[in-house]
Amino acid sequence: MTEPIEDMPKAYQPADIEAKWYRTWEDGGYFKPKIDPAKKPFTLMMPPPNITGQLHMGHAMYTIQDVLTRFHRLAGDPTLWLPGTDHASIATEVKVLEALREEGLTKENLGREGFLKRAWEWRDEYGGRIVKQLRRLGASCDWSRERFTMDEGLSEAVAEVFCRLYEKGLIYRGDRIIQWCPECMTSLSDIEVEYEEQSSHLWHVRYPGVEGQDVVVATTRPETMLGDTAVAVNPNDPRYADLVGKHVRLPILDRIIPVVADEYVDASFGTGAVKITPAHDPNDFEVAKRHGLEILRVMNYDGVMNELAGPYAGKSASETRRLVAAELERLGLLVKVEPYTHNVGVCYRCGRTVEPITSLQWFVTMKPLAEPAIEAVRSGATRFAPERFAQVYYNWMENIRDWCISRQLWWGHRIPAYYCDDCGTMSVARIKPSKCPSCGSVELRQDEDVLDTWFSSALWPFSTLGWPKDTPDLRYFYPTSVLVTGYDIIFFWVARMIFSGIEQMGETPFHTVMIHGLVRDAQGRKMSKSAGNGIDPLDVIERFGADALRWALVSGVSPGNDLRYSNEKTEAARNFANKLWNAARFVKMNLGGTPGGIGGCELDLADKWILTLCQRTVRDAERHYRDFDLALAAQSLYDFTWNAFCDWTIELSKPALFGGDELKRDKARAILAYVLDILLKLLHPIMPFITEEIYGLLPLPGKHGLLIEADWPVPDAAFDFPGEAARMEGVIEIVRAVRAIRLERGVAPGRRARLDLLPAAGWEDALEEAAPIFERLANAQGVRILTRRDDAPAQAARGVTAAAEIFIPLGELVDIDKERARIGKALAQTRQEIARGEAKLANEGFLSKAPAGLIEEERAKLEQRRAMLAALEAQAEVAG
RNA sequence: GGUCUGUUGGCUCAGUUGGUAGAGCACAUCGUUCACAUCGAUGGGGUCACUGGUUCGAGUCCAGUACAGACCACCA
């Protein structure tokens with residue numbers, strides 16, 4: 001304890017160093033890739049968080065992206081992780097409206113211009129919040145390339161894509177049935193509707209026949225019968241065979257409507273007859289198209305019935321439902337009402353029940369875009385990790401329907417379509433035409449609607465790189481390497497990026513889609529603000545440090561599976577960080593200056609062991625990082641750090657460091673420095689702050705910082721000694737056995753007991769060499785390596801390992817009964833193992849079909865067990 | 001209705017091409033000079049949900065069953 005250690009406190013204090021290092025890295029420009037045409041870049045696009053967002057545990061999963069980014073940067077790839085934010089059309093508009101409401105303002109008061117001004121102000125104030133918070137997590141993205149989906153360039157990309165698709169005939173405007181949110185007053189795409197189970201009723205209503213019999217239909221929505229334009233039955237249903245082509249009378253409105261036959265009707269459900277309301281039900285709409293039925297929309301977009309609803313005009317849908325049911329009852333046409341549970345679609349933003357309704361909207365024709373996108377995954381051009389998510393993707397893509405892209409909102413990319421009020425011509429153009437291409441009128445009116453927010457996100461992998469301009473970034477970084485995201489947005493985003501990338505760039509946007517699970521709370525519930533079970537990552541970082549949180553999120557998780565988060569996990573990770581910190585502190589304290597290399601040192605068993613494990617860990621960590629198995633990388637590093645380096649190597653280095661032998665001391669220093677150096681590099685992708693800090697504190701030659709040097713370790717065959725490593729394992733086993741015996745015997749921990757070892761065949765040299773290890777770690781004194789069993793002390797506690805028989809002459813402490821019991825237990829276990837081995841080796845099938853190496857291993861093990869058995873039997877005899 | 005996932009020690013979860021089950025936390029006993037009590041040593045604890053199959057050998061592959069969860073579809 002002669003070295004000053006004022007720069008390393010006893011406990012790791014993350015708060016002090018995280019901000020410092022982040023600033024150093026960012027200011028130094030180390031997150032910016034150096035474009036090198038000779039090298040293949042590694043590119044990741046950050047899923048842009050909504051500007052409405054605050055950092056939550058879901059975003060904390062961006063750690064995965066940072067781990068990949070940092071690994072590849074260290075491995076020498078020009079690495080770009082491009083960050084940005086999403087304007088989140090509907091979500092933001094809702095938030096801004098809320099703010100306005102508090103001031104007593106509405107959209108209508110402000111007008112479009114005024115509203116957009118407010119929205120931009122809102123964005124300027126809150127839009128940067130989340131990206132600042134990402135810095136706290138350590139996200140090493142290239143902020144100089146940060147993008148926002150409504151940036152000028154990205155907006156240009158949106159208009160370009162819209163026009164291209166329109167010109168190809170893949171975007172059209174049509175009056176079709178869509179999902180409508182009466183709260184947000186906008187259309188939604190199919191996937192923006194969520195379904196929740198609601199208990200309701202099934203009303204059975206009699207429609208009197210005109211030329212023939214009456215028909216009873218069942219409905220969950222009596223109010224929509226006002227818009228009925230037919231009744232449908234299954235063509236093969238004998239009950240209604242006579243009725244097809246005839247008519248029934250729609251109650252209340254007394255409209256005569258036809259009975260049609262359509263395969264869509266399931267004869268076994270309800271009465272087998274379905275009322276057809278084309279304007280308010282997607283299936284009915286399809287039926288109407290097939291049969292050329294009239295489409296009557298009886299509800300307005302605010303959820304209020306219109307004049308086509310006759311006496312109910314002006315009333316709300318729910319009120320109308322009650323009134324219609326009551327009227328039917330009065331007319332004696334309500335056959336029965338039964339309780340019924342069914343799924344009701346709700347808006348994914350506001351939760352209000354959505355109305356399927358016909359409306360004039362813009363759509364993308366999906367089939368031609370989906371086909372090559374399916375092929376891209378099928379061919380392996382883009383692969384999913386884990387692969388099972390490809391199935392989810394296929395499922396959706398193969399059953400895809402046209403995408404409703406127009407929204408009746410103001411915040412977003414306005415649809416680049418222009419209408420001439422003079423001649424009625426519509427033109428679609430990248431920039432507003434100065435006059436109508438048809439009649440020359442200068443009175444052009446742009447479409448009022450904006451695009452689905454996901455339309456612009458779909459272009460993210462190339463719009464962020466400058467497209468439609470041909471930029472060096474675009475040429476170098478596209479297609480990207482990996483997209484990392486949660487399984488919840490495969491449809492919203494991943495699928496749309498794939499077909500957009502293929503359509504616009506001619507190439508799939510990423511080689512790999514790495515899908516991760518969702519962060520849940522300790523009980524497995526989804527974390528959410530409303531449920532009050534959310535944990536703020538910033539609080540966690542405050543308490544345990546960013547590295548600990550990062551570690552907790554990537555370790556102990558299998559790819560694609562949800563993760564139950566609890567602070568206990570982060571606490572364990574914090575403890576690991578502290579362990580690393582103190583190991584480094586020990587090394588620093590004892591290095592005494594710049595250490596030498598290990599090249600010229602005389603290495604002993606323990607040295608060769610840790611060096612061998614070190615090479616193995618380098619190989620494993622690299623492999624796991626490359627395979628996206630971050631949890632396995634973490635596990636491997638944890639074991640090596642704690643159970644090998646700290647528990648054994650550091651302990652074993654103490655005699656050399658504190659002893660008088662300079663050669664031994666220098667060697668110990670060299671080894672500690674070598675291993676720690678590699679360890680820091682391997683750990684850096686997951687724990688960037690602490691590793692960088694420690695690295696900076698160590699007096700290593702020629703170092704400038706982990707991030708700067710990007711010096712990823714490669715396995716060194718010169719320090720790989722599998723034979724010696726195995727010997728050391730045998731030694732460790734003996735140490736453990738001695739400790740166990742001592743504890744069991746109640747030997748005072750401070751007491752140094754004598755230790756005699758009778759080596760198993762072939763272990764003599766190793767044990768001779770390991771004598772100091774036993775003294776140090778098994779608290780032994782005067783270790784003797786025996787050559788004959790006869791030399792063993794009669795009065796001793798005994799044990800047997802694969803490498804040796806153990807004798808601890810304890811004199812008065814030897815308890816014959818305990819001795820007998822323990823030997824008996826060991827005997828039984830060894831006999832069992834021998835029996836198992838013998839059975840295996842007697843099995844013809846095993847001998848003829850198992851790999852030769854395995855058989856050899858089994859034989860050797862059996863040999864070893866037999867030797868142990870002999871030793872145990874001899875001990876049992878002594879013990880009586 | 002369809003697809004997918006999970007079911008491994010008290011809890012949370014790992015388990016890489018099939019070769020006699022692991023970690024963290026918790027628990028028990030012991031331990032305070034010499035990096036770390038955010039620590040050390042040692043130990044107890046699992047018929048790997050169930051049934052059948054393939055195999056010399058199955059937690060691992062196949063089929064089915066049960067339970068839990070997710071997603072898609074939405075028959076009014």
Considering every strand and a 4.0 Å limit on heavy-atom distances, what is the contact class for [X]: base, sugar-phosphate, or nothing?
X        : value
A:Asp488 : nothing
A:Ala218 : base
A:Asn843 : sugar-phosphate
A:Val265 : base

Mind checking the [atom1] distance from [N] to [M]? Whole angstroms is fine.
N     : M     : atom1 : answer
B:G69 : B:U16 : P     : 27 Å
B:C61 : B:G2  : C1'   : 25 Å
B:A76 : B:A68 : P     : 24 Å
B:C48 : B:G15 : C1'   : 11 Å

Side-chain donor or acceptor of A:Arg550 paired with backbone N/O of A:Met687 under 3.5 Å: no

With a 3.5 Å limit on both atom pairs, tell me what [N] is paired to, counting Watson-Crick and G-U wobble, or say none.
N     : answer
B:C74 : none
B:C27 : B:G43
B:U32 : none
B:A68 : B:U5
B:G22 : B:C13

Report the relative orientation of the aromatic rings in A:Trp551 and A:Phe576; use parallel for angles under 30°, tilted for 30 to 60°, perpendicular for over 60°. tilted

Could you check whether the rings of A:Phe269 and A:Tyr340 sit parallel, tilted or perpendicular, using 30° and 60° as the cut-offs? perpendicular

Can you tell me how far P of B:C11 sits from CG of A:Asn567, to the nearest Å? 21 Å

A:Ile177 CD1 - B:A76 P separation (whole Å): 15 Å

Testing the 3.5 Å rule here: is there a donor-acceptor pair between the side chains of A:Gln635 and A:Asp639? yes

Side-chain donor/acceptor of [X] to base of [N], under 3.5 Å:
X        : N     : value
A:Arg623 : B:U16 : yes
A:Arg574 : B:U38 : yes
A:Asn395 : B:C72 : no

If you only use heavy atoms from C-beta on, which nucleotide in [options] is closest to the side chain of [X]?
X        : options             : answer
A:Leu743 : B:U29, B:G19, B:G24 : B:U29
A:Leu854 : B:C34, B:G19, B:G44 : B:G19
A:Ala740 : B:G43, B:A23, B:A14 : B:G43
A:Arg739 : B:U16, B:C36, B:U42 : B:U42

Within 45 degrees of the axis of the six-membered ring of A:Phe586 and under 6.0 Å from its centre: does A:Lys654 put its NZ or CZ there? yes

Contacts of A:Gly845 and A:Glu744 projected onto RNA chain B by closest heavy atom; the upstream (5') one is A:Glu744

Specify the residue among A:Tyr487 and A:Leu202 whose closest nucleotide of RNA chain B lies further upstream toward the 5′ end. A:Tyr487

Under-4.0 Å salt bridge between A:Arg626 and A:Glu622: yes

Basic-acidic side-chain contact under 4.0 Å: A:Arg736, A:Glu733: no

Strictly below 4.0 Å, heavy-atom distances to any atom of RNA chain B: list the hits from residues 643-657 of chain A, or just say none. A:Cys646, A:Asp647, A:Ile650, A:Glu651, A:Lys654

Going by salt bridge (Lys or Arg N to Asp or Glu O under 4.0 Å), name the residues that satisfy it together with A:Arg619, two or more places apart in sequence or in a different chain. A:Asp720

Does B:U42 have OP1 or OP2 sitting under 4.0 Å from an N or O in the side chain of A:Arg736? yes

Could you check A:Glu355 against A:Arg221 for salt bridge (charged side-chain N to carboxylate O under 4.0 Å, His left out), going step by step and ending with a plain yes or no? CA-CA 11 Å; A:Glu355 293 289 344; A:Arg221 305 191 59 197; 2.7 Å; yes

